[in-house]
Amino acid sequence: MDLIKILAIVLGATGFWKLIEMLLQYGMQKRLKSAEIRNLNVQANSLVVENYKLWSENMEKRLKQLESKNTLMNKTITKQRDRITDLERYIEQLEAEIQLYNKQKNNERG
């Protein structure tokens, strides 16, 4: 009978320690998975920030290019307006000369 009690105590203690070991391993696995998830989240956030940074730098470059083109377009438009103004003056001058010529022609006929 003593042998059975000792055997039961040994088996019970072994099972108890095995249960504690399984609970500890479960807790460690849970913490490990949680740490892996946090690590993946940090990596994903890092990629998002890096992509946003690259996107914003590219947008800044593009914006500078467009501003440069806009400045060139404004200069071109200003030159064209000046040229149109000069041509309008020239047209007015030619119209005045044509009117003067027509008056002289009419005076010669009449």
Side-chain angles (χ1 to χ4, degrees):
M1 183 87 126
D2 285 337
L3 187 63
I4 294 176
K5 283 183 180 179
I6 293 173
L7 192 60
I9 291 171
V10 169
L11 288 176
T14 305
F16 176 75
W17 286 114
K18 193 66 169 175
L19 178 66
I20 289 176
E21 183 183 341
M22 285 176 41
L23 289 174
L24 287 174
Q25 281 186 350
Y26 174 75
M28 293 295 283
Q29 288 295 329
K30 191 174 179 180
R31 277 192 234 142
L32 180 64
K33 285 181 183 179
S34 177
E36 287 176 351
I37 289 171
R38 271 186 265 126
N39 188 26
L40 289 174
N41 283 336
V42 167
Q43 288 176 355
N45 288 339
S46 176
L47 286 174
V48 167
V49 168
E50 188 64 29
N51 285 341
Y52 180 76
K53 183 179 171 185
L54 288 172
W55 177 81
S56 64
E57 287 173 358
N58 286 337
M59 289 305 292
E60 282 183 34
K61 288 177 186 175
R62 182 70 177 135
L63 196 64
K64 286 179 183 177
Q65 288 175 348
L66 290 174
E67 286 174 349
S68 174
K69 279 186 176 181
N70 191 25
T71 303
L72 287 172
M73 292 298 283
N74 283 337
K75 286 180 182 178
T76 303
I77 289 171
T78 303
K79 287 179 183 178
Q80 288 176 345
R81 283 182 185 158
D82 292 344
R83 181 71 178 137
I84 288 170
T85 304
D86 291 342
L87 289 173
E88 286 175 344
R89 285 188 203 135
Y90 183 66
I91 289 171
E92 288 174 3
Q93 178 186 352
L94 288 177
E95 286 175 345
E97 288 178 11
I98 289 171
Q99 285 179 356
L100 186 63
Y101 175 76
N102 285 337
K103 281 183 183 179
Q104 287 177 352
K105 200 172 184 183
N106 286 337
N107 286 340
E108 289 177 4
R109 287 184 188 173

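Everything numeric in this text was worked out from a predicted model, so none of it was measured.
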**Message:** Run the side-chain contact (heavy atoms from CB on, under 4.5 Å) test on Arg62 and Asn58 for me, step by step, so that the C-alpha distance in whole Å, both residues' side-chain angles and the decisive distance to 0.1 Å come before the verdict.
**Reply:** CA-CA 6 Å; Arg62 182 70 177 135; Asn58 286 337; over 6 Å; no
**Prompt:** Given the rule in the side-chain contact (heavy atoms from CB on, under 4.5 Å) test, do Glu57 and Leu54 qualify, once you have shown the distances and angles that lead to the verdict?
**Reply:** CA-CA 5 Å; Glu57 287 173 358; Leu54 288 172; 4.1 Å; yes
**Message:** Checking Thr85 against Arg89 for the side-chain contact (heavy atoms from CB on, under 4.5 Å) test, could you report, in this order, the C-alpha distance in whole Å, the side-chain angles of both residues, the deciding distance, and whether it holds?
**Reply:** CA-CA 6 Å; Thr85 304; Arg89 285 188 203 135; 3.5 Å; yes
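Within the 4.5 Å cutoff, side-chain heavy atoms of Ile77 are placed close to those of Arg81.
In this structure, the ring pair (Phe, Tyr, Trp, His ring centres under 6.0 Å) partners of Tyr52, at least two apart in sequence or on a different chain, are Trp55.
When atom types are taken as modelled, the side chain of Thr71 and the backbone of Glu67 share a donor-acceptor pair closer than 3.5 angstrom. A donor-acceptor contact shorter than 3.5 Å links the side chain of Thr76 to the backbone of Leu72.
Distance check, rounded to the nearest 0.5 Å: CD of Gln93 to CD of Glu88 gives 14.0 Å. In this structure, CD on Glu21 lies 8.0 Å from CG on Leu24, to the nearest 0.5 angstrom. Between atom OG of residue Ser46 and atom NZ of residue Lys53 there is a gap of 10.0 Å, rounded to the nearest 0.5 Å. Atoms CZ and CZ, on Arg38 and Arg31 in that order, are 10.5 Å from each other to the nearest 0.5 Å. The distance from the NZ atom of Lys69 to the CD atom of Gln65 is 7.0 Å, given to the nearest 0.5 Å. How far CG of Leu66 is from CE of Met59: 8.5 Å, rounded to the nearest 0.5 Å.
Between Asp82 and Lys79, no side-chain nitrogen of the basic residue sits less than 4.0 Å from a carboxylate oxygen of the acidic one, so the salt-bridge criterion is not met.
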